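Atoms within a ligand are numbered from 1 in the order they appear, just like the ligands themselves. As the structure is a computational prediction, the values presented were derived from the model and not from experiment.
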Amino acid sequence: MRLSVIGCGYVGLVTGACLAEAGHDVMCTDIDAARIAQLNAGGVPIYEEHLEEVLASARKAGRISYTTDTGEAIRFGDAIFICVGTPPREDGSADLSAIDHVAQQIAGEARSSKLVVEKSTVPARTGIELRRALSAYSRGGNISFSVVSNPEFLREGTAVFDFFHPDRIVIGVDDESAAQKMREIYGPILEHKFRCPVHKGPCPAEPKTEFLVTTINSAELIKHASNSFLALKISYANVVADLCEKLDGNVEQVTHAMGLDPRIGGQFLKAGLGFGGFCFPKDIQAFIQLASTVGVDFEILKAAERVNKERIDRFLGKVNKALWVVKGKRIAVLGLAFKANTDDIRFAPAIDVIKRLLEEGAQVHASDPEAVEKTKKVLPTVTFHADPYETVRDAHAALVCTEWAAFKNLDWERAGKLMARKLVVDGRNLYSPKKMADLGFEYYSFGRS
Ligand code: UGA
């Protein structure tokens, strides 16, 4: 099928590339001309495992193209995937102006009927508004638009894997033929008819992907309810960690045992610096905001959000207590991205931690396998290093903010010899307190005495 993708951010890039790799002809567009030029030149604007390979293969097969001409892209596809940003407004609600703008463009540029697929994360009822907008902007013309909500559940860092091996594909529609077309689009994935870029041999047997057809409002709610629940789970684990610190428990023992109960599940119970990124912090706020507009007080989510914000204070509290005076100290920060395997620093806890350290007069040296270039632009006074051992050299403390394998496997015996003081404050519980103590470190982490 011919597909268009509007918006070449992380979701648009992965969606376009994977659908092309699955056998569709895809044309992508973005208002950022530099990004389109980079893509046309064979570049990949973000770091995402396997994406470069998928893009190269789709390009070689002639299945993917890029243009700055939105009209051309709109006319190309039978289905148009809207993947534009929905950033938070001042009050936490989602800014939907980019979606509205795209609706105007689709209505103005389309010359044939289109399936309009809402892929951006949006509050419930956006699809209904989008349908109304498309009809209003096309001024009663005879081109019909069918709106579909198709939320994405891609995790940054494993997005290509998630796209080809989803546990569910959710399709919110109000007419059966739109659901049928979406089934065709996702057919190669549901029937496993694609060359998997992740697994070199056959893909491991996995639970069958559920293809769920719901109403548009339900599909939109599924996305926000899922992300918010995961965020809630993390905050719950973090409060349990705080309790473990007070009562001499070990949060890892507690959450491991909890997670063995299949009703709870072991994922997203890792205590530490809390959640960041461009999804959880903004989605939880948008969900709270949406609930309040219809008179529902989502108190439980407000608490989860508050707990998460306080993680930075608790982390810096540990740093301050250990260092006594922060001003003038050389501090090494290991990890800048909001999580491992991405170069994304949006709402990354590490960035807040560094800003606060700089305010207190510390000299910050930092390192990250992928996120240094992006961080240089927002924190120009930090000294960056490619090598983590150079980062900790002469440092009075090393702070671990992201769970990269390179940091998990660091040789602390070697690192300790380079440091001015053997002090590690670990925001991701990467190391064994006993091993660190045996190596002569003062070591602090979350929820483990
Ligand atoms: C999240 C969801 O997991 C995806 O399903 C969803 O599609 C995506 O948002 C989105 O809405 O686009 P992502 O933001 O890439 O994906 O990151 P996660 O892997 O979910 O991690 C979010 C944050 O929670 C990270 O900062 C991570 O370090 C933190 N986290 C995660 C914890 O602090 N503890 C945990 O146990 C798990």
Completion exercise
In short, ring pair (Phe, Tyr, Trp, His ring centres under 6.0 Å) pairs touching residues 294-321 with sequence neighbours left out are Phe287-Phe298
Exercise for the section: Check whether more than 12 heavy atoms from other residues, nucleotides or ligands sit under 6.0 Å from atom CZ of Arg125, and answer yes or no. Expected result: no
Show which side-chain atoms of residues 351-360 pair as donor or acceptor with protein atoms under 3.5 Å away, not counting sequence neighbours.
from   : atom 1 : to     : atom 2 : distance (Å)
Arg356 : NH1    : Asp313 : OD1    : 3.1
Arg356 : NH2    : Asp313 : OD1    : 3.0

Completion exercise
Heavy-atom contacts under 4.0 Å to ligand 1, chain-then-number order, include exactly Glu152, Phe153, Leu154, Arg155, Glu156, Lys223, Asn227, Ile234, Phe268, Leu269, Lys270, Gly274, Phe275, Gly276, Cys279, Phe280, Asp283, Phe338, Lys339, Glu403, Arg428
Handout entry: Polar side chain donor-acceptor pair, Asp91 to Ser93, under 3.5 angstrom
Key = yes
Practice task
Give me the ring orientation class for Phe161 and His199: parallel if the planes are under 30° apart, tilted from 30 to 60°, perpendicular past 60°.
Solution key: perpendicular
Fill in the blank from the handout: Residues passing the side chain to side chain contact (heavy atoms under 4.5 Å, CB included) test with Arg168, sequence neighbours excluded, are Phe153, Val170, Glu210, Leu212, Ser226
